[in-house]
Every structure is written in structure tokens, then in C-alpha cells.
There are 2 protein chains.
Amino acid sequence: MPQDHGGPALAAFAALLADPTRAVFCSALLDGRAWTAGELARTAGVAPSTASEHLSRLVAGGLLAEERQGRHRYVRLATPAVATLLEDLTAFAEASHGGRPAPRNLREATRRSAEARARTCYDHLAGGLGVAVADALLARGLVTAEAGLAVTERGHAWLAAQSIELPPRAGRPGGRPVVRSCLDWTERRSHLGGALGAVLFRTALDRAWVERIGSGRALRVTPDGGRALRELLGVEL
Amino acid sequence: MPQDHGGPALAAFAALLADPTRAVFCSALLDGRAWTAGELARTAGVAPSTASEHLSRLVAGGLLAEERQGRHRYVRLATPAVATLLEDLTAFAEASHGGRPAPRNLREATRRSAEARARTCYDHLAGGLGVAVADALLARGLVTAEAGLAVTERGHAWLAAQSIELPPRAGRPGGRPVVRSCLDWTERRSHLGGALGAVLFRTALDRAWVERIGSGRALRVTPDGGRALRELLGVEL
DNA sequence: GGGACAGTTCGGCCGGGGCCGAAACGAGCC
DNA sequence: GGCTCGTTTCGGCCCCGGCCGAACTGTCCC
């Protein structure tokens with residue numbers, strides 16, 4: 001039986017994430033974008049040589065995918081499934097680890113609140129904005145939590161009216177679930193992941209409703225975006 | 001932001017599972033029952049003193065719950081959420097680890113096939129039986145995979161007709177999802193987890209459709225059970 | 001070609017942590 | 001009380017693995 005091997009395989013896999021440096025890498029990559037080896041090394045505060053070895057292990061273990069461009073080694077999470085797994089693990093780890101420590105100084109506190117307003121979580125919206133959008137979709141009956149999260153009839157109509165298309169394989173067995181609850185570390189509440197969360201974020205970026213700030217997960221809502229959110233969903237920021 | 005701490009917290013949590021012995025403990029506990037420290041020590045092939053230390057760490061980390069009875073220390077997975085997390089991790093680990101090794105001898109092969117027919121996965125059915133039941137529910141339209149897995153109108157009626165009741169909080173936000181796809185390591189296909197999977201397994205045990213073999217995850221389908229499965233779901237074993 | 005720079009490989013250091021056995025503890029049982 | 005047995009604590013061993021710096025490779029740019 002595989003579960004005889006489940007022990008060792010599980011241990012080997014968990015060991016990939018059990019190192020603080022590798023965990024920081026994965027956390028950073030949860031912004032859904034590709035990072036270079038050097039960026040990750042600086043972020044984690046280790047020598048480039050150390051980062052290189054870690055990345056090789058993560059790639060070999062199937063957590064990361066790499067792409068070489070010239071003298072750069074770009075690396076990103078291998079699949080959305082990896083992101084989901086990391087989100088689940090982090091949520092659990094944070095929860096069982098007890099409350100998170102308070103910010104150490106004013107600068108960190110303000111940065112926290114800025115990020116809390118709007119940020120990304122892999123490929124969808126998170127932070128206060130993500131939670132607000134999720135609440136609005138539920139309140140307007142576009143998404144139901146009746147028996148697991150799902151898009152309602154009205155929800156599909158609304159998406160069509162906005163010319164927002166879900167990917168064809170979404171929701172089919174083996175495909176990505178349409179809606180997934182993703183616990184927000186900041187808000188301690190759920191925002192929307194899954195194919196719906198991803199396509200909403202993508203749309204918001206394409207239509208310039210939000211734009212990235214710097215190279216992290218932080219987002220800014222544009223004036224157009226604020227208007228659209230208010231009109232389409234009744235979301236007031 | 002918590003994700004600054006997400007790295008270290010994630011690493012600390014993953015480290016709990018990164019040890020082969022602790023991973024074997026968790027794998028064994030995926031049968032959903034409480035084991036004593038000594039049983040786990042023998043299963044993993046380590047000294048009782050070693051097992052004791054590991055268990056303390058797992059309990060402190062929130063993965064296991066313990067209950068002392070006389071001179072015994074019973075431990076079990078702390079919550080269904082832990083089981084879900086372990087299932088996801090194991091499935092991913094098995095998948096990315098490449099194909100599982102072939103059975104080493106005839107005895108192991110036969111044991112595999114016996115277990116493959118019917119076994120448990122935490123608190124629901126798995127193996128060939130689990131997959132067959134899942135397929136039958138889908139084929140009869142009692143469960144849909146339209147937009148994530150969900151119980152259909154007909155499904156609810158069917159459950160009521162069988163006097164099978166879902167727990168009241170199931171499917172509500174914060175509650176356990178009603179239906180969850182759980183990848184079967186043996187069959188490489190999904191069977192049903194979630195509240196529905198749990199209540200179906202519980203019902204099957206209560207009505208003596210299946211019974212446990214020994215102390216592992218293996219199950220035997222009783223004659224009554226075979227009849228019930230055939231009549232109610234058209235499942236032929 | 002030459003210089004700058006990203007990444008990799010290797011050797012060596014060092015600490016953490018898993019393991020055991022011995023001994024202590026404590027519950028059940030006679 | 002005295003015995004058994006499951007569990008725990010402690011001390012000590014040892015090895016795995018993360019870290020760095022130095023040297024090397026390969027790419028881009030001038």
C-alpha cells in the first residue's frame with residue numbers, strides 16, 4: 001500500500017518546506033510571480049550559493065518551476081495546486097502557532113495596514129479588498145455557500161454581463177475548482193480563490209482597476225477601479 | 001504582515017512532518033482512530049522513548065490531540081482539518097515523488113490488493129470501494145461536479161430516503177465542506193471525503209455494511225453490505 | 001577581447017536534532 | 001507491598017544538512 005510509503009514520501013516532501021530559508025522563498029513566491037535566484041537570496045538574507053542549492057532542491061521536489069533566461073534563473077511556484085497547498089499549510093501553521101506577534105515599530109505597522117487594504121495572494125485578490133469583494137459577491141447572491149462555495153445562476157449571468165469568462169476546464173473533475181475559500185492571514189476571514197478568484201484578479205488588472213505597487217504583493221486601487229467596484233458590486237473602500 | 005512570519009511559521013510546522021518517524025505516525029493516524037504511544041513506536045520501529053518525544057512535539061504543534069487513560073497515552077489527529085491537510089500533502093508528495101515502488105513480494109502484493117478493495121481514509125471510505133461509491137453517486141446525479149463538488153437536489157432527497165442525515169453545520173461557512181474530493185493513492189482517482197463521505201462511512205459501519213479487519217485501515221464488505229450497495233447504488237464489487 | 005555580474009560547485013565548518021539505553025515514574029493488579 | 005508494564009526524562013553519541021567563501025562557468029555589454 002502506498003501509505004506504507006506515504007510516511008517517507010510525506011517526510012521527504014515536508015522536509016522541503018521545513019527549512020526557514022526555503023519556507024521564506026515559497027512565501028515570497030506566493031505572490032504568483034517569477035523571482036530570480038538573487039532576489040530570493042537577498043530577501044531571505046543568505047548567500048547566493050546557498051540560495052542556489054535550495055532552489056535546486058525545491059525544483060527537484062516539484063514545488064517550483066524554473067526558467068532560464070540569459071544569466072538569470074527565474075523561478076515560480078510550479079502549479080496553482082502548490083499555491084493552494086502552501087496557503088493551507090501557512091494558514092494552519094499561523095493558526096496553531098498562536099496569534100501573530102505585534103508589529104515592532106510604526107513603519108512596519110503602516111506598511112501592514114497599507115498591504116492589508118489590497119494585496120495579492122498567489123493569483124487572486126486578498127487583504128481587505130479581497131475580503132470585501134468576496135462579501136459583496138455573497139451578499140448579492142452571485143456566489144453561494146450553501147453546499148460548499150459555488151457560483152449561482154445569477155452569478156454566471158453577472159459574469160457574462162461583465163464579459164468575464166471562466167476558463168473552460170474550471171469546475172470539471174481534475175480541473176481547478178471554480179471557487180475556493182482562502183483564509184486571509186490579515187483579516188482572519190475568507191476571500192475568493194479558485195478559478196473565479198483568479199479571473200477576477202486578472203480582469204481587475206487588465207481593466208486597470210488595480211495596479212501593483214513595487215515588487216511585492218501590494219496593490220493600489222485606481223480611481224477607475226474604485227468607481228467600478230462601487231457600481232458593479234457596491235464595494236466602498 | 002503575517003507572511004513575513006509566514007516563512008518561519010511554515011518552516012516550523014513543516015518540520016513537524018519532515019521527520020520520517022513522525023510522518024509514519026501521522027500516516028498511521030490517518031485511519032482516524034486513537035493509537036497508544038507504544039503501538040506507534042512499534043509501527044515505526046523506534047524505541048518508546050523516541051516515540052514519546054515525537055508525540056510531545058506533534059501534540060504541542062497542534063497536529064495531534066492526546067488523551068490519557070491510566071498508564072496509556074492515546075493520541076489521534078487533532079481535527080478533520082489536520083486529516084485533510086495530511087491527505088493533500090501525501091497525495092502531492094506521492095505524485096511528485098514519481099510512481100510508487102512495486103511490491104517487493106507476493107505477500108505484500110496480495111495485501112495491497114486486499115486493502116485496495118476497501119479501506120478507510122481518516123473518516124471516510126477509500127480504495128476501490130470508495131472510488132466505486134463516488135462514481136455511483138456521480139453517475140446517478142446525486143452529486144454533481146458542475147462547479148466544485150456538491151450534493152444535488154436529488155442527492156438530498158436520496159439521503160433523506162435512506163434516513164442519512166448530514167451534520168447541521170456542514171457546508172456553512174466555517175463548517176466542514178459537504179463534499180470533498182480526496183485523491184486515492186491506490187486508485188489514482190478521487191473518492192468522497194468531507195461531511196458526506198464521513199456520514200456515509202459512519203452509516204455503513206452502523207448498518208454493518210462494512211466491518212473493520214484488524215487494526216489497520218482495511219475493511220471487509222459484509223453480505224448485507226454487498227446487497228445494500230447493489231440495490232441502493234448499483235455498485236457491483 | 002575585457003570587464004561586470006548572475007549563478008553554480010566544492011570544501012569545510014558547525015549546530016541541531018534524532019536515536020538509544022538506563023533509570024525514574026506512575027498506574028494497574030495480585 | 002511488590003510486581004509488571006507503559007511512558008517519560010536524561011545524557012551522550014552521531015550524522016545530516018544548512019551556511020559561507022572561494023573559485024569557476026557562462027552571459028551580457030562595451
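Because only heavy atoms are used, hydrogens play no part in the values below, and waters and symmetry mates are left out as well, while side chains stay in. A note on names: the letters A, B, ... follow the listed sequences, proteins ahead of strands, and every chain is numbered from 1.
- Residue F92(B) comes nearest to A81(A) through the heavy atom pair CE1-CB, 4.5 Å, listed as atom of the first residue, atom of the second, then distance.
- The nearest pair of heavy atoms linking C26(B) to L17(B) is SG-CD2, 3.8 Å.
- Within 6.0 Å of CZ in R207(A) there are more than 12 heavy atoms belonging to other residues, nucleotides or ligands.
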Between N or O atoms, less than 3.5 Å apart, protein on one side and nucleotides 24-30 of chain D on the other: list the pairs.
from: dT27(D); atom 1: O2; to: R71(A); atom 2: NH1; distance (Å): 3.2

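- Heavy-atom contacts of chain A under 4.0 Å fall on DNA chain C between two terminal nucleotides, which in 5' to 3' order are dA4(C) to dC10(C).
- Between W35(B) and T43(B) the shortest side-chain heavy-atom distance falls below 4.5 Å.
- Side-chain N or O atoms of E94(A) include none that pairs as donor or acceptor with a backbone N or O of A91(A) at under 3.5 Å.
- Across its full length, the helix from dG1(C)-dC30(D) to dC30(C)-dG1(D) shows an angle of 30° between the axes of its 5 terminal pairs at either end, rounded to 10 degrees.
- Listed in residue order, the members of residues 49-58 of chain B having a heavy atom less than 4.0 Å from DNA chain D are S49(B), S52(B), E53(B).
- Partners of P20(A) according to the side-chain contact (heavy atoms from CB on, under 4.5 Å) rule, which considers only residues two or more places apart in sequence or in another chain, are A11(B).
- Here R22(B) lies in heavy-atom contact (under 4.0 Å) with sugar-phosphate atoms only.
- What you find for L29(A) and R76(A) is that their closest heavy atoms are CD2-CA, 4.0 Å.
- G226(B) and V221(B) make their closest contact through N-CG1, 3.5 Å (heavy atoms, listed as atom of the first residue, atom of the second, distance).
- Shown here for V82(A) and G62(A), the closest heavy-atom pair between the two residues is CG2-O, 4.1 Å.
- Rounded to an integer number of Å, the gap from F25(A) CZ to dG18(D) C1' is 12 Å.
- Here the C1' atom of nucleotide dC15(D) and the CG atom of D19(B) are 14 Å apart, to the nearest Å.
- Taking atom CD on E67(B) and atom C1' on dT7(D), their separation rounds to 16 Å, with Å as the unit.
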Hey, can you pull the donor-acceptor pairs under 3.5 Å for the side chains in residues 46-58 of chain A, sequence neighbours left out?
from: H54(A); atom 1: ND1; to: R22(A); atom 2: NH1; distance (Å): 3.1
from: S56(A); atom 1: OG; to: S52(A); atom 2: O; distance (Å): 3.1
from: S56(A); atom 1: OG; to: R73(A); atom 2: NH2; distance (Å): 3.3

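- A donor-acceptor pair under 3.5 Å is formed between the side chain of T222(A) and the backbone N or O of A208(A).
- Here R73(B) does not reach the OP1 or OP2 of dG6(D): none of its side-chain N or O atoms lies under 4.0 Å away.
- Atom CD of E211(B) has more than 12 neighbouring heavy atoms from other residues, nucleotides or ligands inside a 6.0 Å radius.
- Closest approach of V75(A) to L40(A), counting heavy atoms only: CG1-CD1, 3.5 Å.
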